[in-house]
Amino acid sequence: MADSPPAVVTHNPELQHHFTTLEQQTEAAVMGMWVFLITEIMFFGGMFAGYMIYRFMYYQAWLEGSQHMDFWYGSINTVVLLCSSLTMALAVRSTQLGLRRSSVVLLLITILFGLAFLGIKGVEYYGHIVDEHQFPGPSFRFAGAYTAQVEMFFSFYFAMTGFHALHMVIGVGLVSFVAYHAWKGRYHAHYYTPVENVGLYWHFVDIVWIYLYPLFYLISHIHK
Amino acid sequence: MFSNTFPLWPARASSISGPVDALFIFLLMLCGLMCIAIFTAIIVFAVRYRRRPGHEAIPIEGSNAVEFTWTLIPAGVFIIIFVWGAYLYFQERTPPKDSMDVYTVAKQWMWKFQHTEGQREINELHIPIGRDVRVIMTSQDVIHSFYVPAFRIKQDVLPGRYTIAWFRATAAGTYHLFCAEYCGTNHSGMVGDVVVMEPAQYQSWLSGGQAMGSLAQTGQGVFDSLGCSTCHRMDTQGRGPNLMGVYGKPVLLEDGRTVIADENYIRESILNPAVKVVAGFKPIMPTFQGIVSEDQVNALVAYIKSLNPQPVGPAETPTFKGPAASKADTRQR
Amino acid sequence: MATTAVALSERENYLNKEYGITSWLFTTDHKRIALLYLITITFFFFIGGFFALLIRLELLTPEGDLLLADTYNKMFTMHGQVMVFFFLIPAVPAVLGNFLIPIMIGAKDLAFPRVNLLSWYLLAIGGCLMIYTILSGGVDTGWTFYTPLSTHFLDTHVITAALAIFVAGFSSILTGLNFIVTIHRMRAPGMTWSRLPLFVWANYATSIIQVLGTPVLAISLMLVALERIFNLGIFNPQLGGDPLLFQHLFWFYSHPAVYIMILPGMGVVSEIVTCFSRKRIFGYKFMALAVIAIAVLGFLVWAHHMFVAGISLYAAMVFSLLSYFVAVPSAIKVFNWTATMFKGSISYSTPMLYAFGFIGLFTMGGLTGLFVAALGIDVHVTDTYFVIAHFHYIMVGGMVMAYLGGMHFWWPKISGRMYPEFWGRLAAMIIFIGFNLTFFPQFVLGWLGMPRRYWQYSPEFQVLNVLSTAGATILAVGYLLPMLYFLWSMRYGKAAPENPWNGAGLEWKISSPPVTDNFDETPLVTWEAYNYDELPQEVPVGR
Amino acid sequence: MSAHIASKKLYVTIWASLIGLTILTAAVSYLELGAFNIVLALVIATAKMLLVALFFMGVKYISEKMTLVVIVAGLFWLMILLILSMTDYISRPWI
């Protein structure tokens, strides 16, 4: 902070030399994470803008495409992600309280949920690509009135859920990283910023899915 | 000023070029004055207050009154420029009703024009003085841009839809036609000429061409050969809507929206028929994307437009505004 | 001066603390990273400049005779990409900003030193990809990557070029993130927001744009790459895709990017003008507000690049009106710089000459912006050389002038050596003359209707093109000079004192070159910015 | 470190509400409401987003105003992108 006196020095091994206090360091790190998350908002925002514009232009085709989404895979995945968010939040809480064992266990459960999500997503992709030939490009097959526009719908589906899945993969990696360090006992009640920041990232990826779910799976009232 | 080797002002050959030049000259004077004022101030300050023995800077913090003055006055001037520019743009973007249509297909790297009378041209466009001309354009591949500097008009040509540029030529002559949007290797070779002719000469040019039918007749041929008429019956309602007189009219769609049946709508209904289905019909029409060429689409559009009881295109009503109108326009210069 | 020269050799500083290549490649010192950036962007500046020279030489004659059409197209494409993404965007923020922001706010380093190093590596990786693109045959999409040309009609290295810019974009994002957090969290006691130098304000505003805009560019380029690799159909007109969607996304970033390129330059000029006028800045609050206003309003105007592209008539009007709003704060800045000189004590040192040049050229660039924002006129001049001239007046006349001015102003601090004043002034004059000769004729060319990106052109445009090419060669000489004498001064230059200009900022209160931690002890700021009325009137060096 | 530590019970309650809202949004998607389907779905999604952001991400407990400004700025800029680009598409058929 600009106006805080520079004198307070807690000799903490985690305090980097260019910060005056650990509090300043923590606040900087958390703020940095939030700034990073708004760049992520804009990153997905570009695709949401495209989605919105084409949905406006080709409303019927979007309904048609949505009927070929698998409602149950999408819904189950939503629940899986929400559960993972809960365990992530609890893991951060345990770290804050200095409960090493429970924080490691909760982080591991979060990883499992994340992998479950990716697994289900993989099965769903397999169905779309191999069984139904719905991947855009020369192999795209679709019987219906809006072939071209439905191909666009699937382009958005694969681009948006694909980037989301990529973020999930990165998220699983990050959670594994902090889980390892939590197991090593690096975090305690006075230093848990990495866990907190990874948690923020994880919740953000969850929020993206919270929007993707209705936009792809629920826009038509006829569900498969 | 207009020398051929070192021109400083582009030729003025359309009804809009005078008004555009007026705003340009206004801006030139305004910005020229601003430049002179600021440069003079800088030079005067730099000399007058140069560092020298015995001269000291006088501290000044700033002044809110001054700041607000030079915030609000420019803002006001900017609004005036905006309104003036927007007024011109509105004219450039809204073609008059009774215009002569030229269908244009741009492709890498060539301009193909077709008059409603049937004449085809490549990289050359003949038009008469004093007529409002609408250039209805689409691209076969990438984005191009139809640019005639002497007319002060430019309009990008997009794949997948029509864009329209319009102008009324006021001076006979041959003018540059440029592609102004980068379109690949031979972008700078995608140039041509716009030949503006006196109405009488234009008439003789028209009749001198090949003796093929009008664009609408070509369209009718395509219409019949593709079997469109089995569903789109002209006498009674078939499985598809009756196209008699549909052009320019509002159409109620299946999803409740209403659209105007303009060139773009007709075009989309041929290539992507399911996107905007007319109320009361089923999306059973197959797409003709990849089956008809851009030229054929143009012909079909011209044909459907010719089905209007009140003629719209010049093919039906060759009424020229005559030399009187063109003189009035030239006076604007 | 003699005493400081001794001090230079005795005192340990950031340059002589460690030696060896690894001490540079693994450094987390913001000052060393700034120098890494300096080397990188100078390299790319000369590559981009080389392309520019080839373009100008080709345009010497109306016929396409020096290069093949495809080669020419690659030249202007890569000139744009290299100059925009690998020189202009990192120029002032990543070199001068990196070096100065922590010092100016009284911090030991940026908030995230390792992220800062990562940013440089990302730029370097992006740069390597760009070099690979160039060497393996280049790319000819135009720097704008317009679809469907870039997605379906070209056979060149579009994907690696897009990837290069994608990676460099993340470098830019991380730099912006680092600056925002640093300026919020690392200010020294007493360094309140109203005491921040305007250079810091300008970089703060720039960082906002970098952080909020760049991701949209990243995703649009990524979608172009995916469309090429996996046949995704997001921009494909065959499927009903709208070719304008890409343009919307692209300009959502790339218009604000223009402000990424000019705002830091404005910050530099504020520092120089005050110092060499020995005056406080006229209207500090308005200057600070203006940069923030530009950063915010800059996001609302992007579609003015698309007035003839087929967007809706009414949307065009909205965007035109908003474009005029963003011109207001730019005008305020010009007026305030001019007013700052009023009743000052002005010396004509090299940095001040560049600042004069900046104000003049930026004024012309800004005023021609009024032309292109006027809808009726834009229809005629957009996609012609008028637009080329307009944005080169802003980016080269504005930003490069400011960058060079800043390099001269802070070179004593960065290197601990003085540059030769005579050569400095000479180079500034040559650049000013060369620049105007290069780009002023292009305004006329554009108004006459010569479209941009033309490999061959109509013969009546030749005289003006020859003038422009002549100017470009002068400009090239002007740009080579500073590089030569900066290099010369590193060995032979006079040792720089702590405060050669009697400057007011915190950076002038520490040794030249600074020690690794910048300050021996955290400074306590008790004065307002630009308190030149409390400093000596003399500018000791560079008279 | 004076960070706020929420209770386990609160987290579980929030999670339960999120699951509830998911079931709700899935259920109402079976109704045929025309244009309101998407509106309702987005309203519910936004409610879920707020729950996650405010409690799981702890936005409710952020004491630092600047971080809040950062978050609001992010959403504001997203709206700029969405709304301003939409103005073009909505108004194209006018004239």
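What's counted below: heavy atoms across the whole structure, side chains too, no hydrogens, waters or symmetry copies.
Heavy atoms of B:Arg48 lying under 4.5 Å from chain C are absent altogether. Only the backbone of C:Ile281 comes within less than 4.5 Å of a heavy atom in chain B; its side chain stays farther off. Interface residue B:Ile58: backbone and side-chain heavy atoms are both found under 4.5 Å from chain C. Proximity to chain C (any heavy atom under 4.5 Å) is restricted, for B:Val66, to the side chain, taken from C-beta onward. B:Glu268 does not touch chain C: none of its heavy atoms, backbone or side chain, sits under 4.5 Å away. Both the backbone and the side chain of B:Gln155 come within less than 4.5 Å of a heavy atom of chain C. Using a 4.5 Å cut-off between heavy atoms, B:Phe178 contacts chain C through both its backbone and its side chain. Contacts of C:Ser323 with chain B are absent, with no heavy-atom separation under 4.5 Å from either backbone or side chain. For chain C, the nearby part of B:Tyr147 is the side chain; its heavy atoms alone come within less than 4.5 Å. With a threshold of 4.5 angstrom between heavy atoms, B:Cys179 approaches chain C through its backbone and through its side chain. For C:Tyr146, the part lying near chain B is the side chain, with the backbone staying farther off; criterion is any non-hydrogen pair under 4.5 Å. Only the side chain of B:Glu92 has a heavy atom closer than 4.5 Å to any heavy atom of chain C. There is no contact between B:Val275 and chain C, counting heavy-atom distances below 4.5 Å. Of the atoms belonging to C:Val334, it is side-chain heavy atoms, and not backbone ones, that fall under 4.5 Å from chain B. Using a 4.5 Å cut-off between heavy atoms, C:Tyr457 does not touch chain B at all. Looking at C:Glu534, neither its backbone nor its side chain comes within 4.5 Å of chain B, counting heavy atoms on both sides. There is no contact between B:Ile43 and chain C, counting heavy-atom distances below 4.5 Å. With a 4.5 Å cut-off on non-hydrogen atoms, C:Thr141 touches chain B through its backbone but not through its side chain.
For CZ of B:Phe288, the number of neighbouring non-hydrogen atoms (other residues, nucleotides, ligands) closer than 6.0 Å is greater than 12.
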